[in-house]
Amino acid sequence: MRAEDILQLPSMPLAGPSYPKGPYRFINREYMVITYETDPDVIRHQLPEPLEPLDKPLVSYEWINMPDSSGFGSYTESGLVIPCKFQGEEVNFVSQMYLDDDPPIAGGREIWGFPKKYAHPKLKIIKDTLTGTLHYGEQLVALGTMGYKHESMAGNGERTTAILTKTQVNLKIIPGVDGGHGICQLVAYNLSDITVKGSWLGPARLHLVSHVNAPVGDFPVRHIVGAHHFIADLSLPYGRVLHDYLKP
């Protein structure tokens with residue numbers, strides 16, 4: 001294989017790349033997001049500088065069904081997002097992510113630095129309850145429940161679109177072949193081409209269990225602020241570097 005052929009490969013391995021080149025389009029992406037207050041000391045400990053905490057120690061716990069994802073297939077994801085600031089702009093730091101499909105784990109970590117690990121999240125309707133679970137191995141580590149479509153959000157999806165277009169930030173760490181850091185960056189991206197198909201509010205509860213390899217329970221639930229259920233089509237573009245820890 002010639003060098004020019006190698007440079008056309010989208011990802012490893014050569015004999016069957018893990019994922020194709022973008023763009024990456026998601027159809028009928030379904031979210032359940034439960035926002036709650038936690039301990040401010042936990043936020044400060046888990047937030048990498050130069051990101052800064054907000055005055056209110058908020059965390060959003062998410063479940064996302066992705067039934068139609070170009071290049072990645074069909075899978076479910078779950079994890080923690082911390083609202084914070086970067087140089088005065090309000091952004092979301094993606095702290096933990098757990099999912100059940102290899103291509104988006106590999107692609108997410110290698111391209112954008114998503115903190116993805118393999119686990120078993122589920123989001124489904126059980127009678128009158130939108131129910132999210134996360135198992136790591138055989139252990140249940142997260143359970144979220146929300147009243148199903150209790151309150152439809154007024155308007156044409158502008159509020160939900162604003163939530164989806166907010167800048168998201170990841171800590172991308174990829175070791176070098178010498179054992180040091182090959183890449184150590186804060187990476188940002190913004191979802192695009194968004195069409196909101198439905199959006200609802202409702203009551204919710206969230207239960208998190210301590211686990212050493214899926215430490216969602218490190219963010220204790222002190223008070224539920226609200227819950228949001230929505231469905232949208234959207235695109236995940238390539239990102240940009242906000243901060244490089246290896247550069248002076």
Side-chain angles (χ1 to χ4, degrees), residues 26 28-40 42-43 46-47 53-67 75-84 90-100 115 117 119-136 139-155 157-166 168 191 194 196-211 214-232 234:
F26 298 80
N28 293 327
R29 196 175 193 188
E30 182 179 20
Y31 292 75
M32 180 174 72
V33 182
I34 300 175
T35 302
Y36 67 95
E37 290 185 24
T38 190
D39 296 340
V42 176
I43 296 289
Q46 296 282 344
L47 201 60
L54 301 180
D55 293 336
K56 204 169 189 179
L58 296 178
V59 174
S60 291
Y61 196 98
E62 301 182 344
W63 276 271
I64 312 173
N65 267 341
M66 286 167 272
Y75 62 102
T76 304
E77 195 165 84
S78 182
L80 283 159
V81 174
I82 304 173
C84 57
E90 290 199 10
V91 300
N92 285 333
F93 174 66
V94 183
S95 176
Q96 300 180 40
M97 301 182 81
Y98 304 92
L99 59 156
D100 55 2
K117 295 182 75 173
H120 303 280
K122 300 291 183 185
L123 179 62
K124 58 184 179 180
I125 305 161
I126 302 178
K127 304 300 184 182
D128 58 350
T129 309
L130 185 62
T131 303
T133 57
L134 173 64
H135 284 81
Y136 192 91
Q139 175 68 51
L140 177 70
V141 295
L143 169 65
T145 54
M146 179 180 176
Y148 186 66
K149 294 187 177 180
H150 277 213
E151 179 186 347
S152 181
M153 291 186 72
E158 291 180 358
R159 286 176 59 191
T160 306
T161 300
I163 292 169
L164 286 168
T165 54
K166 186 177 180 181
Q168 312 288 310
L191 302 175
I194 297 167
V196 176
K197 295 182 170 180
S199 185
W200 304 271
L201 303 176
R205 298 292 186 271
L206 179 64
H207 175 61
L208 303 177
V209 177
S210 294
H211 192 293
V216 294
D218 287 357
F219 293 82
V221 180
R222 300 307 184 197
H223 171 68
I224 300 290
V225 175
H228 192 185
H229 171 210
F230 52 96
I231 300 171
L234 54 86

Inset, instruction - Step by step, work out the side-chain contact (heavy atoms from CB on, under 4.5 Å) result for Q46 and L80. - result: CA-CA 11 Å; Q46 296 282 344; L80 283 159; over 6 Å; no
Inset, instruction - Decide side-chain contact (heavy atoms from CB on, under 4.5 Å) for E37 and L58; before the verdict, give the C-alpha distance in whole Å, the side-chain angles of both, and the deciding distance to 0.1 Å. - result: CA-CA 5 Å; E37 290 185 24; L58 296 178; 3.7 Å; yes
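- In terms of heavy atoms, P121 sits closest to D100 at O-OD2, 4.1 Å.
- Within the structure, every pair that satisfies the salt bridge (Lys or Arg N to Asp or Glu O under 4.0 Å) test and touches residues 215-230, not counting sequence neighbours, is listed here: D39-R222.
- Closest heavy-atom contact between G144 and I34: CA-CD1, 4.0 Å.
- Qualifying ring-ring contact (aromatic ring centres under 6.0 Å, His included) partners for F93, counting only residues two or more places apart in sequence or in other chains: none.
- S60 and T35 form a side-chain donor-acceptor contact under 3.5 Å, judged by distance and modelled atom types alone.
- Residues L208 and P220 are not in side-chain contact: their nearest non-hydrogen atoms beyond the backbone lie 4.5 Å or more apart.
- Side-chain contact between W63 and L130: absent, with no pair of heavy atoms (C-beta onward) separated by less than 4.5 Å.
- You'll find the side chain of I82 reaches within 4.5 Å of the side chain of F219, heavy atoms only.
- At least one side-chain heavy atom of M153 sits less than 4.5 Å from a side-chain heavy atom of L201.
- Under the 4.5 Å side-chain criterion, counting only non-hydrogen atoms from C-beta, T131 is in contact with L143.
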Inset, instruction - Walk me through it: do V225 and H223 pass the test side-chain contact (heavy atoms from CB on, under 4.5 Å)? - result: CA-CA 6 Å; V225 175; H223 171 68; 4.3 Å; yes
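- Residues Y61 and L134 are in side-chain contact: their nearest non-hydrogen atoms beyond the backbone lie under 4.5 Å apart.
- Distance check, rounded to the nearest 0.5 Å: NZ of K127 to OG1 of T129 gives 10.5 Å.
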Inset, instruction - Kindly determine whether T161 and F230 satisfy side-chain contact (heavy atoms from CB on, under 4.5 Å), including the steps that lead there. - result: CA-CA 10 Å; T161 300; F230 52 96; over 6 Å; no
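- Judged by distance alone, with hydrogens and angles left aside, the side-chain atoms of T38 form no donor-acceptor pair with the main-chain N or O of V221 at under 3.5 Å.
- Considering every non-hydrogen atom in both A204 and A227, the closest pair reads CB-CB, 3.4 Å.
- One N or O on the side chain of N65 and one on the backbone of L123 form a donor-acceptor pair closer than 3.5 Å.
- By the 4.5 Å heavy-atom criterion applied to side chains, V94 and N92 are not counted as neighbours.
- With 3.5 Å as the limit, one finds a donor-acceptor pair spanning the side chains of Y98 and Q96.
- The aromatic rings of H229 and Y148 sit tilted relative to each other, their planes meeting at an angle between 30° and 60°.
- Closest non-hydrogen pair, V209 versus Q139, comes out as CG1-NE2, 4.0 Å.
- One finds the CZ atom of F26 at 8.5 Å from the CG atom of L191 (value rounded to the nearest 0.5 Å).
- L47 and P53 get closest at one heavy-atom pair: CD2-N, 3.5 Å.
- More than 12 non-hydrogen atoms from other residues, nucleotides or ligands lie less than 6.0 angstrom from NZ of K197.
- Side-chain contact between E90 and P83 is absent, with no heavy atoms from C-beta onward closer than 4.5 Å.
- Rounding to the nearest 0.5 angstrom, the gap separating the NZ atom in K122 from the NE2 atom in H135 is 10.5 Å.
- What you find for Q168 and I163 is that their closest heavy atoms are NE2-O, 4.4 Å.
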